[in-house]
Amino acid sequence: MDSLELDTEADRPALGVSACLLGESVRYDGAHKRSALLQASLSGLVSMRGFCPELSAGFGVPRPTIALYEEAGAVELRRNPGQQEQLDLKENLAPAMIQSCEEIFQACQNLDGYIFMQHSPSCALASAELIVQQDNSEARHMDGVFAAELKRRQPALPVVQECDLHHGPSLDRFLVAVYAHHRLSSVQKSQSFSELLDFHSRYKYLVMAFSVPAYKRLGKLLACRNADNFLAQLEEYRLGFMQIFKQEPSRGAMVNALMHIMGYVKQQLSTDQSQQLLGQMHAYRLGEQALQPIVAELHNAIELGGSDYIRRQYFWCPHPLSEQLRAL
């Protein structure tokens, strides 16, 4: 497969990470939640920078615990009961946190993704417990205050919880999005329409593996350059493109992309080779086979008889762990 040049840290995508996951002792009790997975799987592939919104908000270490409360339809970030008596347990800490994290939000504009700590009232993604006053219903969960604000400000930024990365397909999809964001950021800096067209072309079959309609919509957007406001066109493309990777790709859509790719070398394949590939694709669609053997066989055929166009597709190596994760 095509290699990715990651010789220096500057070549790598940059990720923001909840600081406790990097082993920083910033939790309310002075502990950390160091993630062995981040060190084992992502070290050397990305650069990681830790942030702690609660520390930035001046809550200190150690500090009183906080939680999300809903009362009369309003959600607030408050200190939990049982804290020091002089503390105002009704004070909404969310506005102060958001204001204090302005420098973090600014730094995140240069990131290609963010990994959050699960269950945190500041950093969780749909897993922070919401305590509903005078309500005996089942527990509800939502985004943490900082995570929700970052998503609002940067809707194109790939985000994930650390716990989800232990699932191979989720790690794969996150890295696909992170590396796509990193490459697209280079196009943004150049502000070159020709580079944008090349980027779109090289991502054709990977995007088709997620959504054929989305690829067609983006193609229409790039049908001609917006001479009056190319930056607006580029931003619209960026938002639409990154939205694609927020959904789980279906096996059917992946097989459709594989069939299109197979068409580039159909004449070079023997009848037995074609039947074998089609059989493998059918088994993959049914969940009976991993994706990687099919991709590897197709890639070998493309290397022998395919065009430069199909050889240059990011489909073959969207990120450095793609071969490993597709084998699962």
Side-chain angles (χ1 to χ4, degrees), residues 14-22 24 26-28 33 35 38 48-60 63-80 89-133 135 137-165 170 173-174 177-178 181 235 238-248:
L15 300 184
V17 183
S18 292
C20 58
L21 293 171
L22 296 180
E24 298 183 31
V26 295
R27 287 175 60 82
Y28 72 94
K33 286 285 185 177
S35 169
L38 297 188
M48 291 181 278
R49 180 180 175 186
F51 299 99
C52 178
E54 294 181 26
L55 204 59
S56 294
F59 295 169
R63 57 181 173 271
T65 58
I66 56 177
L68 294 165
Y69 289 83
E70 180 182 295
E71 189 171 3
V75 176
E76 297 184 349
L77 182 67
R78 301 178 187 168
R79 297 180 178 90
N80 283 317
L89 300 181
K90 288 290 187 178
E91 178 187 6
N92 182 13
L93 304 173
M97 173 180 286
I98 293 173
Q99 183 178 4
S100 300
C101 289
E102 192 59 42
E103 288 189 9
I104 299 180
F105 293 128
Q106 292 298 318
C108 288
Q109 293 180 9
N110 297 317
L111 297 179
D112 296 302
Y114 205 107
I115 301 174
F116 289 107
M117 178 63 203
Q118 53 270 16
H119 307 307
S120 163
S122 57
C123 293
L125 292 176
S127 66
E129 183 179 3
L130 178 63
I131 300 172
V132 182
Q133 300 293 292
D135 189 343
S137 61
E138 293 184 2
R140 292 161 54 190
H141 297 84
M142 61 183 295
D143 291 344
V145 171
F146 171 77
E149 180 66 10
L150 181 59
K151 286 170 59 179
R152 185 189 71 80
R153 294 190 184 206
Q154 293 187 235
L157 187 70
V159 296
V160 72
Q161 292 187 131
E162 189 273 346
C163 61
D164 295 326
L165 297 180
S170 296
R173 184 157 53 95
F174 178 65
V178 164
H181 190 280
E235 179 62 10
R238 185 178 76 93
L239 292 172
F241 181 85
M242 294 308 305
Q243 187 68 29
I244 292 168
F245 303 113
K246 293 183 179 182
Q247 62 187 21
E248 192 83 27

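All values derive from a computational prediction rather than experimental measurement.
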Would a 4.5 Å heavy-atom cut-off, applied to side chains only, mark [X] and [Y] as touching?
X	Y	answer
I98	R153	yes
E24	C52	no
R140	V132	yes
F51	V26	no
R79	T65	no
R78	L93	no
V17	R49	no
M117	E162	no

Please check this pair: side chain of [X] against backbone of [Y], looking for a donor-acceptor N/O pair closer than 3.5 Å.
X	Y	value
Q118	C163	yes
N92	E76	no
D112	V178	no

For the [atom1] atom of [X] and the [atom2] atom of [Y], what is their distance to the nearest 0.5 Å?
X	Y	atom1	atom2	result
C101	L150	SG	CG	10.0 Å
D143	R152	CG	CZ	13.0 Å
L15	L38	CG	CG	9.0 Å
D164	R173	CG	CZ	8.5 Å

Whether the E54 and S122 side chains hold a donor-acceptor pair (N or O, under 3.5 Å, no angle test) is what I'd like checked.
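Present: a donor and an acceptor within the cut-off.
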
I'd like to know if the side chain of Y28 pairs up with that of N80 as donor and acceptor (distance under 3.5 Å, no hydrogens or angles considered).
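The criterion, which ignores hydrogens and geometry beyond distance, is not satisfied for N80 and Y28.
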
Would you please test F146 and F105 for ring pair (Phe, Tyr, Trp, His ring centres under 6.0 Å) and show each step?
CA-CA 9 Å; F146 171 77; F105 293 128; 5.2 Å; yes

Hey, can you tell me if Y114 and F116 have their rings parallel, tilted or perpendicular (30° and 60° cut-offs)?
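Answer is parallel, since the angle falls under 30°.
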
Quick check on E103: does its CD atom have over 12 non-hydrogen neighbours (other residues, nucleotides or ligands) under 6.0 Å away?
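It does not: E103 CD has 12 such atoms or fewer within range.
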
What do you reckon, is CD of E102 surrounded by more than 12 foreign heavy atoms closer than 6.0 Å?
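More than 12 heavy atoms, drawn from other residues, nucleotides or ligands, come within 6.0 Å of this atom.
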
Specify the closest pair of heavy atoms between K151 and L125, including all atoms of both residues, with the distance to one decimal.
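Closest approach of K151 to L125, heavy atoms only: CD-CD2, 3.7 Å.
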
Side chain to side chain donor-acceptor pair (under 3.5 Å) partner of Q161, the single match among S170, S127, S18:
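Only one option passes, and that is S127.
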
Given M97, which of P53, S56, P121 fulfils the side-chain contact (heavy atoms from CB on, under 4.5 Å) condition?
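Looking at P53, S56, P121, the match for M97 under the side-chain contact (heavy atoms from CB on, under 4.5 Å) is P53.
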
